[in-house]
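Residue numbers begin at 1 in each chain, while the letters A, B, ... track the order of the sequences. The figures here come from the full heavy-atom set of this structure, side chains too, leaving out hydrogens, waters and symmetry mates. Note that the coordinates shown come from a computational prediction; the quantities given were computed from them, not determined experimentally.
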Protein chains: 2
Amino acid sequence: MFSSKPYLDINKLVKWNLEFDLGLTNKSVKKGDVFLKEGQPCKHQYYILKGFVRVYYLDLEGNQITHWFCADDAIITSPFSYVKGERNILYFEAMEDTELVLISAPQLNTLIQHVPELGEGMRQMNAEFAMILSRRIMSIHTQTAEERYLNLMEQHPLLFQKAKLSQIASFLGITQQSLSRIRKNL
Amino acid sequence: MFSSKPYLDINKLVKWNLEFDLGLTNKSVKKGDVFLKEGQPCKHQYYILKGFVRVYYLDLEGNQITHWFCADDAIITSPFSYVKGERNILYFEAMEDTELVLISAPQLNTLIQHVPELGEGMRQMNAEFAMILSRRIMSIHTQTAEERYLNLMEQHPLLFQKAKLSQIASFLGITQQSLSRIRKNL
DNA sequence: TTACTTTTTTACCATAGGTTAAATTTTTCC
DNA sequence: GGAAAAATTTAACCTATGGTAAAAAAGTAA
């Protein structure tokens, strides 16, 4: 769905971590683990070395609504909490065994002081992220659920091996029954 | 809808423009003017000194779909074009006489070299923008059109004096007839 | 005021997607 | 393998929103 590779090379990050004594921490999570929950402040950006993560939140009835999926080389955070210090409402769930590198805001700032051009990269990365979300709003406003489903199938076929259809349905903004009906009608 | 004030103080920007000889340009546009069109590369970020701007795009049938509204102290750009160099699909329309300050990517980079802490601010600004878009996707997935309309009324009452209902309807993701029906049922 | 244009509302029918509930298939685990 | 649990599909019915077209209202200009 999103890769940070054009903006932050993980090999360089590991090198910088030693060179500038950033103190980055690694974290391994098992399939099924929810490593960030609603109400827990999100103090880090999580670089996914390897694995697959689903970000979701709960609606008023308590249903899980998938907000996005993230694979290798993506960076995820809960912007509400990480950037603005607001109460975190997102859950981060490992859909398979996942290796993470945690980067705190102070660590990122330190790194950018040493490597100023990375600041530009991270700025662009955030801008690209906004762009992806813009596209998604546009697709909601101009495409039917069936079209969005077919696009997703085409662009992220692996997703359908890793995520439940109910999780994909809520990502598409429909119920699992509707998704099932769409699939039936090919 | 969005203010850049917490991240970029316009008075400081004007001062820096002189101090570092950035060569920022101003632009005045009249009510009704479309100052960026589909296909025109977006080379700048536009700081809205004063005014009101609607950003829209065309769907396959040629209908205008409002993507967002921007008022004083917002910064807008077409990220597809500005960040990634892709073909621009957005139209920027002044809904009233509007004063803009144009900032190119090279100018912004120069400025950040002189004022490194601004880089962090711009990064946060882009992150907040992504956050706002996230919230909008969430509202589409968890609220009815009526709820989204009432929220908009409550949070941006002035919008209803400046924009046509048809423009607000497409922003909400519904037809103007649906919006009219929602208003009728209070 | 009148004429003209644009915007908004209304009405009618069509349809995508939601709701509920049950049946079926797949997965998990003993 | 077989029982239990979880995931998915199916079905019948319902509702919000879309599409079309026309009427009404509001805005604009002579």
Would you be so kind as to tabulate the donor-acceptor pairs closer than 3.5 Å made by side chains of residues 114-123 of chain A, with sequence neighbours excluded?
residue: A:H114; atom: ND1; partner: A:T110; partner atom: O; Å: 3.1
residue: A:E120; atom: OE1; partner: A:R123; partner atom: NH2; Å: 2.3
residue: A:E120; atom: OE2; partner: A:Q124; partner atom: NE2; Å: 2.9
residue: A:R123; atom: NH2; partner: B:N109; partner atom: OD1; Å: 3.2

CD1-CD1 distance between B:I10 and B:I48, expressed to the nearest 0.5 angstrom: 11.0 Å
Rounded distance [0.5 Å steps], NE2 in A:H67 versus OH in A:Y56: 14.5 Å
Charged N-O contact under 4.0 Å between B:E86 and A:R135: yes
Residue of the set B:F69, B:Y46, B:Y82 for which ring pair (Phe, Tyr, Trp, His ring centres under 6.0 Å) holds with B:F92: B:Y46
Basic-acidic side-chain contact under 4.0 Å: B:D97, B:K31: no
Show me, pair by pair, the donor-acceptor contacts under 3.5 angstrom made by side chains of residues 168-182 of chain A, not counting sequence neighbours?
residue: A:S170; atom: OG; partner: A:T66; partner atom: N; Å: 2.9
residue: A:S170; atom: OG; partner: A:T66; partner atom: OG1; Å: 3.2
residue: A:S170; atom: OG; partner: A:Q167; partner atom: O; Å: 3.2
residue: A:T175; atom: OG1; partner: A:S178; partner atom: N; Å: 3.1
residue: A:T175; atom: OG1; partner: A:S178; partner atom: OG; Å: 3.2

Test: A:R54 and A:E93 ion pair at under 4.0 Å: yes
Per-nucleotide protein contact string for nucleotides 14-21 of chain D, where B marks a base within reach and S marks sugar-phosphate only (heavy atoms under 4.0 Å, - for neither): ---BBSBB
Cluster check B:I132, B:M153: I/L/V/M/F/W/Y, side chain < 4.5 angstrom: yes
With the criterion being N/O to N/O and under 3.5 Å, what pairs connect the protein with nucleotides 26-29 of chain C, and how long is each?
none

Expected rows: protein N/O vs nucleotides 22-26 of chain D N/O, under 3.5 Å:
none

Spacing between A:N63 atom CG and C:dG18 atom C1', to the nearest angstrom: 12 Å
Basic-acidic side-chain contact under 4.0 Å: B:R87, B:E38: yes
Nearest atoms (heavy-atom pairs only) where A:F35 meets A:Q40: O-OE1, 4.2 Å
Qualifying residue, where the test is ring pair (Phe, Tyr, Trp, His ring centres under 6.0 Å) with A:W68 and the options are A:F129, A:F2, A:Y91: A:F129
What protein N or O atoms touch nucleotides 5-8 of chain C N or O atoms at under 3.5 angstrom, if any, and at what distances?
residue: C:dT8; atom: OP1; partner: B:L165; partner atom: N; Å: 3.3
residue: C:dT8; atom: OP2; partner: B:L165; partner atom: N; Å: 3.2

